[in-house]
Amino acid sequence: MAVFLRPGEKRQGAFGVTFDLNAGSSQPVPIFNKNESLALQDQRRRLPAFQHRREILYLVENHATTVIIGETGSGKSTQIPQYLLESGWCSDGRTVACTQPRRVAVMTVAARVAEEAGTTLGQAVGYGIRFEDVTTPGVTKIKFCTDGVLMREMFEDPLLTQYSVVMVDEAHERSLATDTLLGLLKKVQRVRPDLRIIVASATLEADKVADFFDSSTVRGAKASAADLMRKPALLSIEGRTHGSQIHHLEQPCSDYVRASVQTASDIHREDAPGDILIFLTGQQEVEDAVALLEEEARKVRQGRARLRMAPAPLYAGLPAAAQLAAFEPAPRGYRKIVVATNIAETSVTIEGVCFVVDCCFAKQTAYNPLTGLGSLLVAPISRASAAQRAGRAGRIRPGHCFRLCTEAEFQQLPEATVPEMQRSELAGTVLQLKALGVDNMMAFDWLAPPPAETMVRALELLHALDALGADARLTEPLGQHLAELPLDPRLGKALLASGDLGCSDEVLTVVALLSVQSIWLSPHGQRKALDAAKAKFAVGEGDVVTALNAWHAWQEAGRLGKWAHNHFLNHRTLLRAADIRAQLTHHLRRLGIPIKSCDGDVMTVQKALTAGLFMNAVQLSETTADLQNPASSGINVYKMLRSTGPGPAPKLRVHAYSVLAKTRPQYLLFWQVQQSASGFYEMLDVTAVEPDWLPEAAPHVFHRVGARAGQR
Ligand code: ADP
Ligand code: MG
């Protein structure tokens with residue numbers, strides 16, 4: 001059992017803390033009422049943002065850029081766009097845009113604002129996310145969208161002329177797309193002084209952003225009106241939080257998924273009403289925890305608060321309808337336990353949360369420009385993130401946050417997170433900037449400049465894909481088309497190549513499946529059963545073709561959820577892939593690429609993948625003894641076929657989850673790698689290939705490599 005201590009206190013009782021059951025009942029958890037617009041208007045006036053309504057409007061009127069700081073829940077995302085609408089910023093056919101780094105936030109905030117404004121979603125209030133557009137041209141006045149979607153709109157309308165105000169929300173997250181968008185907006189603003197920019201942030205990244213947008217030339221008393229206009233305004237909206245009491249573990253825990261379930265169960269059994277929010281790192285952990293909680297819910301029918309448990313998952317890969325379930329109030333008699341990834345950290349408001357359980361880790365991208373390998377790592381969060389997470393508990397009444405680490409461990413955490421721009425692979429970003437006419441990447445106005453080596457790698461990859469020509473400009477039509485496709489350029493290239501190879505029908509599915517998280521369910525402790533289920537679809541070509549087989553079987557079974565579940569497939573992920581596939585089909589049609597099936601000629605699919613993923617080609621180099629598992633036949637070590645720069649060559653192996661884990665194919669392509677504790681990069685989504693396809697796919701890369709594959 002997880003044992004927590006109050007700060008500065010010796011342990012008391014099994015749980016370390018006791019709660020007053022009556023505290024909950026005297027302050028009932030407010031449940032939002034969908035249909036009472038009067039009550040909604042009342043709620044709007046009670047938000048901290050409302051106190052600053054006039055001030056916000058005055059600053060936006062008089063400053064090109066306004067930076068607004070405020071606690072989560074103060075009304076930045078839902079209220080400010082409505083204030084702008086109410087005061088005329090959407091007249092004459094103009095629109096207010098509000099961008100969010102995350103899809104879930106876009107959808108929930110848009111739904112809430114449509115409700116408050118008393119309109120149907122998609123009319124006056126709409127939203128856009130990749131692969132989904134819920135707006136009506138000429139009618140939509142407030143558009144919520146991801147930063148990525150707004151950036152794509154600039155392909156058609158580089159100056160964003162439709163918009164009077166662009167509000168960039170959650171800027172403190174410093175996502176790749178947010179940082180890029182801020183740089184682009186600064187450029188637009190130079191040409192369009194009438195464009196107003198609002199940057200909203202929950203923490204104190206604000207000064208950095210304000211400095212970035214400061215284009216006033218004269219400071220102090222002599223500043224002219226125009227200079228004042230160019231000087232960003234800074235406004236702080238004070239929060240309305242009751243604070244959270246923090247509890248740390250007494251002993252470090254080894255399995256935070258189980259510890260989080262245990263902690264939530266303990267809270268549920270013993271404590272006052274109030275929903276619980278658990279932070280874990282990814283889809284798999286969330287699904288595992290939800291399954292464990294469901295098991296627990298069958299055992300513990302009711303806790304002391306006479307409630308039953310209602311677990312709900314929340315992660316980015318969930319289809320929209322399933323995501324929204326996490327936001328609905330729990331049915332009467334239930335306590336909602338939302339199990340989320342860090343999407344619940346700041347961008348969305350989940351009503352009714354009084355308890356937070358934080359594993360203190362998050363999945364983060366890491367990129368090594370020397371090897372050109374990017375991977376996802378589960379890494380400790382920063383103290384700033386942990387504070388945000390804890391804050392989620394204190395909105396209704398003083399809350400409690402249970403961190404699944406010791407106080408000493410907590411003190412070791414970094415203070416703030418490194419911007420994504422400085423730890424990501426940038427080929428996709430560079431491709432988009434090129435398409436927007438940014439020729440010199442180093443001269444672009446970056447909020448935080450990426451490492452020069454990363455930029456070199458990105459340009460190299462785009463050259464290898466033939467997206468950039470010798471003049472470093474986008475090629476016609478390939479580079480243009482790749483920039484237009486809402487896909488990673490490597491997957492885009494595979495898709496475009498499939499048109500010529502006559503397998504676009506299959507590759508559409510493949511790239512859709514590679515654009516979502518794993519389609520396989522792997523419930524805790526059921527690895528054997530999962531492997532058996534996978535074996536039904538498994539083929540020697542590898543994981544990608546195996547997934548394609550599973551997809552076809554799911555189609556033939558009528559896309560049934562029960563069927564998917566029986567075959568260890570994640571039905572929700574498959575549905576999302578189906579959405580993505582449908583959207584990509586439109587794109588291909590628009591580009592005039594025929595949709596053709598290869599009728600089982602799998603080699604064409606492998607070749608199409610080679611056309612996109614050749615930089616991720618590896619060759620078996622040696623088999624070494626497996627020190628941790630001496631009885632095994634050893635570890636098959638692979639090395640990259642392309643050059644990987646100075647320093648020791650990265651060592652790769654096939655991930656244990658792969659259907660090829662127990663075989664020894666000579667040549668492989670991978671889509672993702674994870675770094676393991678043993679120093680290996682573990683390859684996921686692998687496909688077996690023939691070496692002579694590589695120089696065919698990328699002649700200028702593979703004639704240089706010393707490997708047999710490249711010797712022409
Ligand atoms: P901020 O952007 O400052 O974090 P929001 O504008 O998202 O704040 O939310 C302001 C308030 O609106 C929240 O405190 C909450 O009471 C309410 N709210 C927002 N979204 C929802 C929702 N989906 N359901 C119910 N209430 C919501
Ligand atoms: Mg917000």
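Atom set for the values below is all heavy atoms of this structure, side chains included, hydrogens, waters and symmetry mates excluded. Predicted model, so just to flag it, every value in this text is computed and none were measured. Counting convention: from 1, in listed order, for ligands and their atoms alike.
In terms of N/O distances under 3.5 Å, ligand 1 is approached by Ser77. Where the criterion is an N or O separation shorter than 3.5 Å, residue side chain and backbone included, Arg112 meets it with respect to ligand 1.
Neither the backbone nor the side chain of Gln43 has any atom closer than 4.0 Å to an atom of ligand 1 (non-hydrogen atoms only). Contacts with ligand 1 closer than 4.0 Å are made by heavy atoms of both the backbone and the side chain of Lys76. Contacts with ligand 1 closer than 4.0 Å are made by no heavy atom of Asp169, backbone or side chain.
Residue contact annotation: Ser74 has a non-hydrogen atom under 4.0 Å from ligand 1. Using a 4.0 angstrom heavy-atom cutoff, Leu47 counts as in contact with ligand 1. Using a 4.0 angstrom heavy-atom cutoff, Arg44 does not count as in contact with ligand 1.
When only modelled atom types and interatomic distance are considered, Thr78 and Glu116 share no side-chain donor-acceptor pair under 3.5 Å. Counted by atom type alone, Tyr163 and Glu153 present one or more donor-acceptor pairs between their side chains at under 3.5 Å.
Numbered from 1 in the order shown, with element, the atoms of ligand 1 that lie under 4.0 Å from a heavy atom of Arg395 read 13 (C), 14 (O), 15 (C), 16 (O).
For the Mg ion (ligand 2), the set of nearby N, O or S atoms under 2.8 Å includes none belonging to Thr78.
Between Arg112 and Glu351 no salt bridge is recorded (no basic side-chain N to carboxylate O distance below 4.0 Å).
Nearest-heavy-atom check against atom 10 (C) of ligand 1 across Gly75, Gly352, Ala105 picks out Gly75.
Ring pair His400/His247 is parallel by interplanar angle, where below 30° counts as parallel and above 60° as perpendicular.
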